[in-house]
Participant: 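Sharing a structure below in structure tokens format, with a few things to ask.
In this chain, numbering begins with 1 at the start of the sequence shown.
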Amino acid sequence: MTRVKYVVILLSLLTFLLTGCWDNGEVQEINYLTAFGIDFRDGEYYIYAQMLDYQGISGPEGSVPSSQPPIWVGKGRGKTLAEATKKLYTTSQQKLSWSQITALVLSESMLTHERIRDVIDKSNRTEDISYTKWVYGTKENIEELFTSTPFVGMSPLRTLLHQPMINYSQNSFIHPLQYVDFLVHYREKAGTVVLPSLAITTSNWTEGMKEHPILEIDGAFMLKDNENKGWLKLEDILGIRWLKGPATRATILVGPMDDPVGLVRLVSPRSVIGFEPTTDGVKYRLKVKVIGKVVNLYKQVPIDEFKKLTRDVFKKELISTFRKTTPQHGDPYQLSLSLYQKNPKLWNKLQKEGKSVTAESLDERDIQVDIDLRLWGARKHP
């Protein structure tokens with residue numbers, strides 16, 4: 001009898017353990033947000049929350065939806081972020097969950113130190129918001145960004161907003177930024193945040209001969225010393241990608257733009273930053289190793305000459321980005337951060353003099369490029 005009693009007690013305890021998630025609610029009873037954006041205008045915060053119909057997205061394996069799953073966007077406004085968020089909760093028909101959020105979008109007006117501090121504080125206070133979400137800046141209307149749809153048959157989650165690394169791994173421009181890396185570089189006094197700028201374009205894709213708006217990265221904001229140092233268009237900051245590690249893959253034209261000699265795909269770059277103190281400040285040294293795969297040859301040129309032309313184009317892209325960003329006091333190559341980490345005493349001295357990074361800190365002679373060209377069986381362009 002005693003043994004039976006112990007069995008009953010044990011089974012009762014197991015029953016309590018199995019009901020440990022009693023307060024989480026059923027999936028269909030919760031509204032899962034997928035992205036949120038924040039704007040500031042006319043003295044008020046505007047918070048936007050994107051929500052998807054997961055039932056419309058999911059389906060049997062291999063099935064393609066016959067129509068685009070709906071996208072819902074909630075909006076709240078207030079004098080504080082807390083007040084704006086409360087407006088979302090007030091009109092939500094069910095419980096809101098922030099646990100599935102994969103993207104945060106900040107308007108240009110939000111890129112001040114005081115407002116970024118408010119955003120960080122809100123994220124810290126919202127326990128279920130992930131630190132791995134992607135972060136963007138924008139000059140566009142956030143509500144329009146959130147309602148932009150991908151191609152028919154594609155989940156709204158498979159866009160630049162939610163999965164930017166898919167696009168970057170195929171053709172790299174500006175490296176996507178996760179929230180945890182945003183915090184690291186923003187709080188680092190010698191660091192620069194390169195914040196990708198999200199926009200809408202209608203110039204590339206059509207649907208039934210009608211322009212189809214699609215998301216793109218059109219540039220980046222530079223945040224340094226708790227300030228927004230300005231926005232630069234994509235073409236002005238292409239050199240940044242070559243210092244972002246082996247995930248970078250991009251194609252470049254070799255030779256003059258109006259008369260190229262070939263097309264090369266560059267992959268897996270690896271870089272090292274060095275420096276040398278001078279009487280006027282500091283000289284930086286960049287060493288970059290990259291694998292080059294010849295895609296096309298438009299002209300018959302000796303291998304050595306082709307390699308030299310490829311290095312010249314590569315160096316030009318690197319130095320052009322440096323010269324475009326230096327006047328704005330941005331430092332996307334993290335040269336100042338490298339100096340601070342290796343020689344903080346010298347960095348402090350130069351920082352006080354405003355010489356940690358200047359227009360003279362880097363030129364083409366300071367850039368060493370080693371390109372390992374492969375696949376010399378490329379066909380000649382007809």
Participant: For residues 213-227, which side-chain donor-acceptor pairs fall under 3.5 Å, sequence neighbours excluded?
Facilitator:
from	atom 1	to	atom 2	distance (Å)
Asp218	OD1	Ser197	OG	2.8
Glu227	OE1	Lys229	NZ	3.2

Participant: Report the residues that fulfil ring pair (Phe, Tyr, Trp, His ring centres under 6.0 Å) with Tyr136, sequence neighbours left out, ordered by chain and then residue number.
Facilitator: none
Participant: I'd like to check the ring pair (Phe, Tyr, Trp, His ring centres under 6.0 Å) partners of Phe275; sequence neighbours left out, ordered by chain and number.
Facilitator: none
Participant: When you compare the side chain of Leu337 with that of Asp331, does any pair of heavy atoms fall below 4.5 Å?
Facilitator: no
Participant: Indicate if Ile166 and Phe173 have the same hydrophobic cluster label, given that clusters are the connected sets of ILVMFWY residues with side-chain heavy-atom separations under 4.5 angstrom.
Facilitator: no
Participant: How about NZ on Lys139, more than 12 heavy atoms from neighbouring residues, nucleotides or ligands closer than 6.0 Å, or not?
Facilitator: yes
Participant: Report yes if some heavy atom in the side chain of Trp72 is under 4.5 Å from a heavy atom in the side chain of Asn31; otherwise report no.
Facilitator: no
Participant: When you look at CD of Gln368, are more than 12 heavy atoms from neighbouring residues, nucleotides or ligands closer to it than 6.0 Å?
Facilitator: no
Participant: First locate atom CG of Leu243, then atom NE2 of His175, and finally report the distance between them rounded to the nearest 0.5 Å.
Facilitator: 12.0 Å
Participant: So among Val119, Ile142, Asp39, Leu198, which one has a side chain to side chain contact (heavy atoms under 4.5 Å, CB included) with Leu106?
Facilitator: Val119
Participant: Apply side-chain contact (heavy atoms from CB on, under 4.5 Å) to Glu360 and list each qualifying residue two or more places apart in sequence or on a separate chain.
Facilitator: Thr358
Participant: State which residues pass side-chain hydrogen bond (donor to acceptor under 3.5 Å, both in side chains) with Lys308; sequence neighbours excluded, sorted by chain then number.
Facilitator: Asp312
Participant: What pairs of donor and acceptor atoms, side-chain ones from residues 176-188 against any protein atom, are under 3.5 angstrom apart with sequence neighbours left out?
Facilitator:
from	atom 1	to	atom 2	distance (Å)
Gln178	NE2	Thr132	O	3.0
His185	ND1	Asp181	O	3.2
Tyr186	OH	His113	ND1	2.8

Participant: Do the non-hydrogen side-chain atoms of Tyr298 and Leu253 ever get within less than 4.5 Å of each other?
Facilitator: yes
Participant: Could you list the residues that satisfy ring pair (Phe, Tyr, Trp, His ring centres under 6.0 Å) with Trp134, not counting sequence neighbours?
Facilitator: none
Participant: Would you say the side-chain atoms of Ser338 pair up with the backbone N or O of Gln334, donor to acceptor, closer than 3.5 Å?
Facilitator: no
Participant: Excluding sequence neighbours, so at least two apart, what forms ring pair (Phe, Tyr, Trp, His ring centres under 6.0 Å) with Phe36?
Facilitator: Trp98
Participant: Return the set of residues passing salt bridge (charged side-chain N to carboxylate O under 4.0 Å, His left out) with Asp363 (not counting sequence neighbours), or none when no residue passes.
Facilitator: Lys283, Arg365
Participant: Please tell me if the side chains of Glu144 and Ile200 come closer than 4.5 Å, counting only heavy atoms from C-beta onward.
Facilitator: yes
Participant: Tell me which pairs pass ring-ring contact (aromatic ring centres under 6.0 Å, His included) where either residue lies in residues 323-353, with sequence neighbours left out.
Facilitator: Tyr340-Trp347
Participant: Just wondering, are more than 12 heavy atoms of other shown residues or ligands nearer than 6.0 Å to NZ in Lys316?
Facilitator: no
Participant: For a quick test of your reading: what N or O donor-acceptor pairs under 3.5 Å do the side chains of residues 259-273 make, sequence neighbours left out?
Facilitator:
from	atom 1	to	atom 2	distance (Å)
Asp259	OD1	Lys299	NZ	2.9
Asp259	OD2	Lys299	NZ	2.5
Arg265	NH1	Thr251	OG1	2.8
Arg265	NH2	Gln170	O	2.2

Participant: Tell me every residue that passes side-chain hydrogen bond (donor to acceptor under 3.5 Å, both in side chains) with Arg241, counting only those two or more places apart in sequence or in another chain.
Facilitator: Glu317
Participant: Salt bridge between Asp121 and Arg125, side-chain N to carboxylate O under 4.0 Å?
Facilitator: yes
Participant: Quick check on Arg77: does its CZ atom have over 12 non-hydrogen neighbours (other residues, nucleotides or ligands) under 6.0 Å away?
Facilitator: no
Participant: When you compare the side chain of Leu161 with that of Gln50, does any pair of heavy atoms fall below 4.5 Å?
Facilitator: yes
Participant: Considering non-hydrogen atoms only, spot the tightest contact between Gly230 and Gln328 and give its length.
Facilitator: CA-NE2, 3.5 Å
Participant: Search all heavy atoms of Ala103 against all heavy atoms of His162 and return the closest pair with its distance.
Facilitator: CB-ND1, 4.5 Å
Participant: For the pair Val73 and Met51, evaluate side chain to side chain contact (heavy atoms under 4.5 Å, CB included) and give the outcome as yes or no after the intermediate values.
Facilitator: CA-CA 6 Å; Val73 178; Met51 184 175 64; over 6 Å; no
